[in-house]
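Residue numbers start at 1 and run along the sequence shown.
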Amino acid sequence: MNARSLGAISVVDDDESVRTATEELLRSIGYEVKTFASAELFLESGALRETECLVLDIQMPGIDGLELQRRLNEARSRVPIIFITANEEGTHRQRAIEAGAINFFRKPLDAQAFLAAIQSALREDST
């Protein structure tokens, strides 16, 4: 199965260098990627409808990652979420996983483990 046939991966992170590096990594193996500098921009874009997997930073100005996850859960969205963060606090990880996150990574990302998590999330979402 071609990675492109799986739909888009949306990356939401306020750090432009992280967005760019994550986008380049995912595109390098054939995924379609959309990036957003904030949760608000992601929500306003309407990209959720096309998103097969959401890569989400925890700490962002405005709506943070955990709040976006809460809103998506309230809306009964089933899009798999993988969190990334520079500041891993145990409570953030626990809250994210308890609320249904597929995985949780500390920046800088371990590319191999991150890509494996993306592939796993996309497989689970397609079943």
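Sparse packing is recorded around CD of Gln112, with 12 or fewer heavy atoms of other residues, nucleotides or ligands lying under 6.0 Å away.
Inter-residue side-chain proximity for Lys107 and Asp13 is flagged as met; some heavy-atom pair is nearer than 4.5 Å. Between Phe36 and Glu44, every side-chain heavy-atom pair lies at or beyond the 4.5 Å cut-off. Contact check for Gln59 versus Asn87: side-chain heavy atoms found under the 4.5 Å cut-off. In this structure, the side chains of Leu26 and Phe114 come closer than 4.5 Å at one or more pairs of heavy atoms. Phe104 places a side-chain heavy atom less than 4.5 Å from the side chain of Ile58. Residues Ile97 and Phe83 are not in side-chain contact: their nearest non-hydrogen atoms beyond the backbone lie 4.5 Å or more apart.
Distance OG/Ser38 to CG/Leu68: 9.5 Å, rounded to 0.5 Å. Taken from CG in Leu72 to CD in Glu67, the straight-line distance is 10.0 Å, to the nearest 0.5 Å. In this structure, NZ on Lys34 lies 14.0 Å from CG on Leu41, to the nearest 0.5 angstrom. Separating the OG1 atom in Thr85 from the CZ atom in Arg93 is a distance of 10.0 Å, to the nearest 0.5 Å.
Across all their heavy atoms, Ala96 and Gln69 have their closest contact at O-NE2, 3.0 Å. When all heavy atoms are compared, the tightest approach of Leu56 to Gly65 is CD2-O, 3.4 Å. Across all non-hydrogen atoms, the minimal contact from Ala111 to Leu25 is CB-CD2, 4.1 Å. Among all heavy-atom pairs drawn from Ala113 and Phe105, the shortest one is O-CZ, 3.5 Å. Nearest heavy-atom pair, Val55 versus Ile118, reported as atom, atom and distance to 0.1 Å: CG2-CD1, 3.7 Å. Taking every heavy atom of both residues into account, Met60 and Ile63 meet most closely at CE-O, 3.9 Å.
Ser120 places no side-chain N or O within donor-acceptor distance of the main-chain N or O of Ala117, the cut-off being under 3.5 Å. Of the possible polar contacts, one joining the Arg27 side chain to the Val33 backbone as a donor-acceptor pair under 3.5 Å is found. For Thr51 (side chain) and Ala47 (main-chain N/O), a donor-acceptor pair under 3.5 Å exists by modelled atom type.
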CA sep, side-chain torsions, deciding dist, call: Leu66, His92, side chain to side chain contact (heavy atoms under 4.5 Å, CB included)
CA-CA 8 Å; Leu66 292 171; His92 287 159; 3.6 Å; yes

Between Asp57 and Asp15, is a side chain to side chain contact (heavy atoms under 4.5 Å, CB included) present by the stated rule, with each step listed?
CA-CA 9 Å; Asp57 187 16; Asp15 183 329; 5.7 Å; no

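Note on Glu23 versus Arg19: no salt bridge recorded, every NZ/NE/NH1/NH2 to OD/OE distance being 4.0 Å or above. Using a 4.0 Å cut-off between charged nitrogen and carboxylate oxygen, Asp64 and Arg70 do not count as a salt-bridge pair.
Under the side-chain contact (heavy atoms from CB on, under 4.5 Å) test applied with Ile102, the options Leu122, Ile82, Ile81 reduce to a single match, Ile82. The only option from Leu54, Thr35, Leu43 that meets the side-chain contact (heavy atoms from CB on, under 4.5 Å) definition with Val12 turns out to be Leu54.
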